[in-house]
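What follows is a short report on a single structure.
Note: hydrogens, waters and symmetry copies are ignored here, and every other heavy atom, side chains too, is used. Note that the structure is a prediction, hence the values are computed from the model and not measured. Whatever order the structure lists ligands and atoms in, that order sets their numbers, starting from 1.
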Amino acid sequence: MKQCVKMIVGNWKMNGLASGLSEARAVSEALTAEPAAATVGLCPPTTLLDRMARALDGGPVQVGGQDCHAEASGAFTGSVSAAMLADAGARLVILGHSERRAGCGETDADVAAKVGAALQAGLEPIVCVGETLAEHEAGEAVAVVTRQIEGSLPEIPAGKDLAVAYEPVWAIGSGLTPTSDQIAEVHAAIRAALSRRLGEAATAVPILYGGSVNPANAADLLTIDGVDGALVGGASLKAEDFMAIIRAAGPGVAADAQG
Ligand code: PGA
């Protein structure tokens, strides 16, 4: 099985003005000075995407969007297409975040259409899935997440990069996290659903955990079986906290020693 390099991605949500770009620069500089054992991404609000991509150009931090429209262009006031994100310098895009599924009524089919658009535009989608508190308490996490994976992925052409993030809705921004066993169980179910869907190619899809990841719990979360990285909200806004989470993935390989 292909060994996935850990992937740590920050989701700034609707936070960040131009003054916040210094935090992104600080992350890039720290990783340049001392590489990490992870690929690292930051997803700022769309207004900062172009400036952040320029500021971090050529460095170790990839930049991404937080959503995109399923259509390439057209009369969709207020929306941004995948091609526009890529044009602004994005390499990644978070899709199907629970704040969009719940807050904007996005269905699995909507998410699948967006994933298709993102792949078409050359972006790597990070597809989010996760159960609500009521579903968690009813013991339905595996069933819900499996259904979301099955419904949220379009036909994936060979050779396209894709990531999945397991984000229990009740763990986001709450300071709560599932037990290690619960996380391992859901990640295994996601891996199985991806294998049924993508065959051998599924082994190359990193499955991130997200929901209240912070400097204090990152090392434990990142060593859980089947956890290939983290999607980090609040703790990605400050370079110091985000770097502590990245460092929890382990020491990196000096750039000149990489093959
Ligand atoms: P949080 O958010 O780390 O602030 O809980 C994670 C997310 O929503 O991606």
**Asked** Between the side chains of E131 and W170, does any donor sit under 3.5 Å from an acceptor?
**Response** yes

**Prompt:** Going by the order shown, which atoms of ligand 1 are within less than 4.0 Å of some heavy atom of G211?
**Reply:** 5 (O)

**Message:** Does any N or O of ligand 1 fall below 3.5 Å from an N or O anywhere on S174, backbone included?
**Reply:** no

**Asked** Looking only at protein heavy atoms, which one is nearest to atom 3 (O) of ligand 1, and how far off is it?
**Response** G233 N, 2.8 Å

**Asked** Any idea which protein heavy atom is nearest atom 2 (O) of ligand 1, and the distance to it?
**Response** K13 NZ, 3.3 Å

**Request:** Determine, using heavy atoms of G173 and all atoms of ligand 1, whether some pair is separated by less than 4.0 Å.
**Result:** yes

**Message:** Please list, in number order, the atoms of ligand 1 under 4.0 Å from a heavy atom of G234.
**Reply:** 1 (P), 3 (O), 4 (O)

**Prompt:** Which of parallel (below 30°), tilted (30 to 60°) and perpendicular (above 60°) describes Y209 and Y166?
**Reply:** perpendicular

**Item:** Backbone of A134 reached by a side-chain donor or acceptor of E137 within 3.5 Å
**Value:** no

**Request:** Look at the side chain of W12 and the backbone N and O of S236, then say whether any donor-acceptor pair between them is shorter than 3.5 Å.
**Result:** yes

**Asked** Is R191 salt-bridged to D228, going by a charged N under 4.0 Å from an acidic O?
**Response** yes

**Prompt:** Judged by atom type as modelled, is there a donor-acceptor pair below 3.5 Å linking the side chain of R91 to the main-chain atoms of Q62?
**Reply:** no

**Prompt:** Are any of the heavy atoms in G210 under 4.0 Å away from ligand 1?
**Reply:** no

**Prompt:** Regarding Q66 and H97, is there a side-chain donor-to-acceptor distance under 3.5 Å anywhere?
**Reply:** no

**Request:** May I ask you to list the atoms of ligand 1 that are less than 4.0 angstrom from any heavy atom of N11?
**Result:** 9 (O)

**Message:** Give the atom numbers and elements of ligand 1 that come within less than 4.0 Å of a heavy atom of E167.
**Reply:** 6 (C), 7 (C), 8 (O), 9 (O)

**Item:** Element-labelled atoms of ligand 1 that are located less than 4.0 Å from some non-hydrogen atom of H97
**Value:** 7 (C), 8 (O), 9 (O)

